[in-house]
Amino acid sequence: MISSQSLAVLSFIAPLVAAQACTLQFDGRVPANLGAAGFDSANDVFSPTNVFGVGLSFSQLIQLPAITGSLFDADTVPVEVTISDDSIFNGQTGFRRAELLPASNSGTDPSTTGVKTLHFSVMKDAQRALNLSHEYQLVFLESNDFSTNQFVLKTGTILGQATANPDTLQLFGNVNDGQLLFSTPFTPGVFNNFAVTLDFNALTTQVFFSTGVAPLKAVTQAVANDVSGQGQFHFGVLKKPTDGGADITKSGFQEAGIDEGIVFGGIFQEDSATGCVSLSA
Ligand SMILES: *[C@@H]1O[C@H](CO)[C@@H](O)[C@H](O)[C@H]1NC(C)=O
């Protein structure tokens with residue numbers, strides 16, 4: 001029996017190498033020639049059908065800002081996901097949301113088996129600032145039965161909590177347990193880079209972080225976190241209401257006239273079964 005402590009140590013001495021050396025599970029880095037319209041039809045990067053408001057299409061909400069890519073974008077470009085008053089998905093009038101889902105991530109595919117490391121970078125858009133009176137989910141894994149999120153990156157004022165500084169990136173484990181894995185100021189003007197190693201066998205999660213072009217560093221050990229249940233990875237903006245009620249998907253307050261967005265870069269997932277985790281490109 002190997003304790004979780006010694007597993008964590010093993011994961012530190014395992015190979016930590018350059019990006020292309022680890023086997024890719026999926027690649028959500030956006031080719032420069034995809035264009036916003038390319039998100040509307042079948043492509044190798046993201047699903048064209050989910051998640052956005054009824055009557056919308058991705059090309060209406062995707063922005064491709066002319067800024068330098070993230071640490072892990074070489075020939076690929078940043079992508080911004082925006083929300084408006086029309087971002088009402090599936091009758092969820094309590095939310096405003098739009099999220100990108102990796103094209104190959106069906107909910108039961110190998111991205112949620114074995115040991116995988118998910119990479120993503122997030123940046124603020126000063127022209128489309130979030131309203132930090134609200135809670136936002138920016139990245140999460142939603143289980144295949146839609147019953148939980150096995151991890152979720154949040155910012156803003158967490159609904160039902162007294163958030164000391166809402167201008168913070170907070171990475172939580174499974175929402176059923178509410179464990180805060182890591183938090184950091186949401187530094188403006190640069191990419192905030194994350195890697196999250198998800199061990200779907202040992203049911204652990206390890207977080208790596210850096211800003212700008214600095215190589216990632218481990219900021220947690222591999223800690224116990226229930227990542228079972230497979231599912232889909234979401235990258236975007238899910239804005240919750242400022243008050244809830246029994247079903248926050250359908251009730252609570254959302255102001256009108258919003259134009260908000262978050263820029264993503266370097267979304268990809270690699271196989272870490274052998275301990276391979278890319279810390280820099
Ligand atoms: C932020 O959201 C709250 C709650 O929806 C709203 O009352 C307030 O006017 C918003 N602030 C700004 C600056 O938009």
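As the structure lists them, so they are numbered: ligands from 1, and atoms in each ligand from 1.
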Any donor-acceptor pair under 3.5 Å from Q150 side chain to S228 backbone: yes
F58 and F52 aromatic centres sub-6.0 Å: yes
NZ or CZ of K124 within 45° of F186 ring axis and under 6.0 Å: yes
Heavy atom of protein inside 4.0 Å of atom 4 (C) of ligand 1, strictly below: yes
Contact partition for H134 relative to ligand 1, non-hydrogen atoms under 4.0 Å: side chain
Closest protein heavy atom to atom 9 (O) of ligand 1, given as residue, atom name and distance to 0.1 Å: E255 OE1, 3.8 Å
Q254 N/O under 3.5 Å from ligand 1 N/O: no
Contacting atoms of ligand 1, where contact means under 4.0 angstrom from a heavy atom of F253: 4 (C), 5 (O)
Check: N131 N/O within less than 3.5 Å of ligand 1 N/O: yes
Parallel, tilted or perpendicular, as decided by the 30° and 60° cut-offs, for the rings of F140 and H234: parallel
Shortest non-hydrogen contact between L216 and N193, atoms and distance: CD2-O, 3.4 Å
